[in-house]
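Scroll down for the structure; my scribbles are underneath it.
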Amino acid sequence: MAGPAVHPGRLWGASVRFKAQGELARNTGFRLRADLDMDLDGVAALVGASGSGKSTLLRVIAGFEPDAPVTVEIDADTWQGSAANLAAHLRPVGTVFQEARLFPHLDARSNLTFAAHAKRSGVRLGLDEVVDFLDLEPLLGQYPRELSGGQRQRVALGRTLLSPAKLWLFDEPMSALDSASRREIAPYLARLCRRHDVPIIYVSHTLSEVLTMADQVMVAVDGDVSRVDSVGDFSTSFSTPSLGDEAGAVVSCRFKTYDPRYRLSELGFGPSSLFVRGDLSSAGPLILLHIPARDVSLATTPIDRLSILNRVDGVVDAIDDQGDSAMARVRCGDGQFLLARVTRRSVDELGLAAGVDVQALIKSVAVRTGAP
Amino acid sequence: MAVTSDIVQAAWVTGLLALTTTAILLVASPPLSWWIARTGSKWRAPVEALVALPLVLPPTVLGFYLLLAMAPSGPFGAIAEAVAGTPLAFTFAGLVIGSIIYSLPFVTGPLASAFRTTDGHLLEAAASLGVAPVARFLRLVLPMHRKALVAAGVLGFAHTVGEFGIVLMIGGNIPGETRVLSIALFDRVEMLDYVGAHVIAASLLVFSLVVLTFTYRWLRLP
């Protein structure tokens with residue numbers, strides 16, 4: 001029964017074959033080396049320090065660096081390459097930039113409908129749906145100079161969603177938004193891309209945003225973009241920059257049953273079960289959970305009577321000494337990992353080390369937003 | 001009374017010439033200005049210099065060459081004669097062509113300066129939405145620079161109203177056809193009709209002052 005772990009590209013059905021390979025050097029000394037050949041599916045986060053080439057890669061894909069010797073292929077189409085070079089406006093890709101870039105001479109409504117006559121192929125959303133969700137109705141008659149930064153960014157987001165696209169590129173689209181609207185809009189975007197089978201490449205500096213939205217993670221290091229992880233591997237990798245309190249594994253589970261008596265859903269996680277509050281029967285076959293490391297305790301002998309429902313058997317894979325505390329990575333039945341934050345004293349007293357059998361006691365799990 | 005009707009007729013020809021010239025320039029100049037403002041071509045400097053020639057050359061120099069070109073024996077004159085049955089020199093059409101060349105830098109220059117300030121990020125955003133280059137120019141660049149367009153149009157119009165040397169060379173002095181106000185003024189002075197000269201000169205002076213005042217005021221409005 002041990003199914004595969006979260007597999008990049010197999011989560012939500014249809015996927016887009018994506019290839020970006022080549023090297024671009026600027027005379028400023030900046031260098032981008034892309035070597036990506038993957039199935040894009042759902043939300044692919046692109047993370048890395050500033051100056052690591054994230055925005056440049058998006059510009060190449062969007063068609064704003066036509067001279068860059070980088071091959072860009074989407075499904076069977078070559079957008080950029082030695083033989084062909086498709087103009088930016090003909091590439092079915094919608095870009096949301098870091099700045100809103102609204103057209104100053106047009107009100108919000110005309111900004112939103114600017115692409116109404118665009119002739120390229122791709123998915124096009126309905127005006128009403130977008131206006132409704134992004135809460136743009138009260139802004140429609142206003143000009144960009146009358147809008148706040150967050151309002152402008154919402155209009156810009158809507159404008160891009162209303163242009164025909166097979167792929168969306170988001171360059172930190174929510175950096176201008178307050179955290180409340182961010183929490184609201186992020187899951188909406190994730191749902192949109194799954195419902196319409198339009199994958200998103202999403203540049204983000206906020207790792208917690210990545211953990212709650214992304215299915216795949218591309219990592220840019222010093223202009224080098226070649227590593228692609230599933231969000232599960234990314235979340236449990238010790239080389240992932242510290243997330244502090246947010247650190248924790250993202251795991252995929254299958255829905256089993258819902259027990260209305262206790263209002264608990266039972267999810268299959270390898271050979272074990274996890275219980276989550278609420279009815280998840282309509283959340284789709286695969287459910288992603290975020291399990292904060294701070295809420296996972298480890299026991300070396302089975303504990304029978306305990307109020308914690310979620311107990312998973314596993315084997316310690318590695319221990320990372322992080323100064324004040326330690327992070328234990330535990331391999332569970334089906335090959336997925338959990339992270340547990342433990343004290344260094346516990347490591348010594350329990351003799352935690354790679355290969356030790358443990359039981360992980362999970363106090364809380366969060367169903368990831370953005371399930372279809 | 002004959003004096004007045006003569007002036008009115010010259011004013012009519014002047015107005016018609018300036019309007020026609022401005023209309024044609026407002027269609028032809030924006031693409032040319034855009035090219036000048038944005039191109040990296042090695043031809044930009046020579047083309048810009050060619051457009052700017054009327055700024056530095058005596059109008060009579062331009063007028064002389066245009067006269068040669070538009071005369072029945074000249075290339076354009078011969079074509080016009082073959083097509084329309086009349087050479088261009090000493091016709092209203094010839095005057096329009098001369099005025100377009102003469103006023104071109106006054107429309108193209110300000111427009112190119114304005115276009116240079118276009119935010120390339122907005123053009124990228126429009127391209128990312130699937131909007132083609134020509135549509136980007138018509139729906140984004142022109143509306144964003146509508147003030148510069150109006151200012152360039154006013155300058156072109158006022159400058160055409162004030163031209164003299166080229167008209168004298170290629171238009172001659174045919175009442176109702178090519179006699180414009182500046183020529184009529186010259187006539188009056190030659191005939192020592194200082195009253196008539198005053199009427200024309202003062203009218204042109206006041207007209208130019210009023211038009212420029214209103215334009216500059218409007219340009220400063222938010």
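Lettering follows sequence order; numbering is per chain, from 1.
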Ignoring hydrogens and angles, state whether a donor on the side chain of B:Thr108 or B:Ser29 is under 3.5 Å from an acceptor on the partner side chain.
yes
Under a 4.5 Å cut-off applied to non-hydrogen side-chain atoms, are A:Ser110 and A:Asp107 in contact?
yes
Which residues in residues 61-91 of chain A have any heavy atom lying under 4.5 Å from a heavy atom of chain B?
A:Phe64, A:Ala88, A:His89
Do B:Tyr102 and B:Pro59 come within less than 4.5 Å of each other through their side chains, counting heavy atoms only?
yes
Chain A contact via B:Arg139 - which portion, at a heavy-atom distance below 4.5 Å:
both
Among side-chain atoms of B:Thr160 and B:Thr21, is any donor-acceptor pair under 3.5 angstrom?
no
Applying a strict 4.5 Å limit to non-hydrogen atoms, the region of B:Ala126 in contact with chain A is both
State whether A:Glu172 and A:Arg182 are salt-bridged, where the test is any N-O pair (Lys NZ or Arg NE/NH1/NH2 against Asp/Glu carboxylate O) under 4.0 Å.
no
Looking only at heavy atoms, which two atoms of B:Ala52 and B:Pro105 are closest? And how far apart?
CA-CB, 4.1 Å
Can you check whether anything in residues 92-105 of chain A gets within less than 4.5 Å of chain B, heavy-atom wise, and list it by number?
A:Val93, A:Gly94, A:Thr95, A:Phe97, A:Glu99, A:Arg101, A:Leu102, A:Phe103, A:Pro104, A:His105
Charged N-O contact under 4.0 Å between A:Arg59 and B:Glu124:
yes
Closest heavy-atom pair and its distance - A:Val210, A:Ser204
CG2-CB, 3.9 Å
B:Glu163 versus B:Ser99, side-chain donor and acceptor atoms under 3.5 Å
yes
Side chain to side chain contact (heavy atoms under 4.5 Å, CB included), that's the test. Do A:Leu136 and A:Arg154 meet it? Break it down for me.
CA-CA 8 Å; A:Leu136 300 174; A:Arg154 262 158 50 208; 4.0 Å; yes
